[in-house]
Amino acid sequence: MASIVLRNVDKIYAGGVKAVNGLNLEIRDGEFMVLVGPSGCGKSTALRMVAGLEDISGGEILIGDRVVNHLPPKDRDIAMVFQNYALYPHMTVEENLAFGLKLRKMPKAEISKRVQEAAKMLGLEQYLKRKPAALSGGQRQRVAMGRAIVREPQAFLMDEPLSNLDAKLRVSMRASLNQMHERLGVTTVYVTHDQVEAMTLGDRVCVLRDGILQQVDTPQNLFESP
Ligand code: ADP
Ligand code: ADP
């Protein structure tokens, strides 16, 4: 686990759009931080800069005590989940969960232990031998999350992971995410445009508008303030 610090971070896209403007934000060790705001406010860009998927135009990003400005994504010790979960269609759930660990040449017993734990936590135990095509959207998204958490990263980054799911599934996935966070306590940054998600998931919520931080506070305090 690690804190994530953004210091005066800017992003100017080619063409001159200032997507993120002087963003200062400290995400504490183990905290669940939600970035919320309307479409185009810069939340994905901010997350993608933390992930290393987008260059930063100014300022500094730290993960733990390391400045990561020029580190490629694979060296940042983070895991990501997106709206469009890309599972390997020819592999079973178990193989999908294990794949990233096999690539890292982790011992088999350790892989098996982590896969079992993740499957248990995410309610996937009875689906381990199935292929993605035989799963519901929510189950597939759980596999995508499982694949991220088995790596035991320092931080977990999610961009609208529930927005392809129907309303009922979103409710149960929110509960699963809360449980997962309670269990693992991994520093998490979660992007959504959905106020309800922000309020039910975040330890704190950061509200962005036009690339500028408007407010950052607990859901309770944000909800009570006008
Ligand atoms: P959000 O995630 O809040 O919807 P984004 O971070 O995707 O917002 O976008 C912020 C702003 O940057 C928007 O004005 C968007 O059009 C612009 N933008 C996003 N990606 C690019 C890109 N690759 N090139 C140019 N402009 C972009
Ligand atoms: P890691 O465990 O390191 O996160 P993944 O196994 O999740 O790696 O994915 C490695 C790369 O392959 C990622 O860029 C991912 O988007 C891509 N990928 C995942 N599933 C598929 C798929 N079914 N087809 C093509 N590419 C995929």
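We count ligands from 1, going down the list as the structure has it; atoms in each ligand are counted the same way.
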Practice problem: Run the numbers on E197 and R174 for salt bridge (Lys or Arg N to Asp or Glu O under 4.0 Å), then give the verdict. | Solution: CA-CA 7 Å; E197 264 176 40; R174 286 206 299 268; 5.1 Å; no
Quiz item: Near P38, which atoms of ligand 1 are under 4.0 Å from a heavy atom of that residue?
Solution: 3 (O)
Quiz item: Hey, which atoms in ligand 1 end up nearer than 4.0 Å to a heavy atom of C41?
Solution: 1 (P), 3 (O), 8 (O)
Quiz prompt | Among G15, G16, A46, G40, closest by any non-hydrogen atom to atom 10 (C) of ligand 1 | solution = G40
Quiz item: Hey, any chance I12 and L47 share a hydrophobic cluster, counting ILVMFWY side chains that come within less than 4.5 Å of each other, even indirectly?
Solution: no
Practice problem: Could you list the atoms of ligand 1 found under 4.0 angstrom from a heavy atom of T45? | Solution: 5 (P), 6 (O), 9 (O)
Quiz item: Do you see a donor-acceptor pair shorter than 3.5 Å between the side chains of R28 and S3?
Solution: no
Practice problem: Answer with yes or no whether G211 contacts ligand 1, where contact means a heavy atom under 4.0 Å from a ligand atom. | Solution: no
Practice problem: May I ask you to check whether Y127 and T92 show a side-chain donor-acceptor distance below 3.5 Å? | Solution: no
Quiz item: Using the ring of each side chain (for Trp, its six-membered ring), is Y190 parallel, tilted or perpendicular to F32, with breaks at 30° and 60°?
Solution: tilted
Quiz item: Will you find, in the side chains of S57 and D10, an N or O donor that is under 3.5 Å from an N or O acceptor?
Solution: no
Self-check item: Closest to atom 7 (O) of ligand 1 among S44, S39, G42 (heavy-atom distance)
Solution: S44
Quiz item: Which residue supplies the protein heavy atom nearest to atom 12 (O) of ligand 1, what is that atom called, and how far is it?
Solution: A19 CB, 3.3 Å
Quiz item: Does G37 come within less than 4.0 Å of ligand 1, judged by its heavy atoms?
Solution: no
Quiz item: How close does the nearest protein non-hydrogen atom get to atom 14 (O) of ligand 1, and which residue and atom is it?
Solution: V17 CG1, 3.8 Å
Exercise. Note the single closest protein heavy atom to atom 23 (N) of ligand 1, along with its residue, its atom name and the distance in Å.
Key: Y13 CE2, 3.6 Å
Exercise. Measure the spacing between CG of L101 and CE of M106 and express it to the nearest 0.5 Å.
Key: 4.5 Å
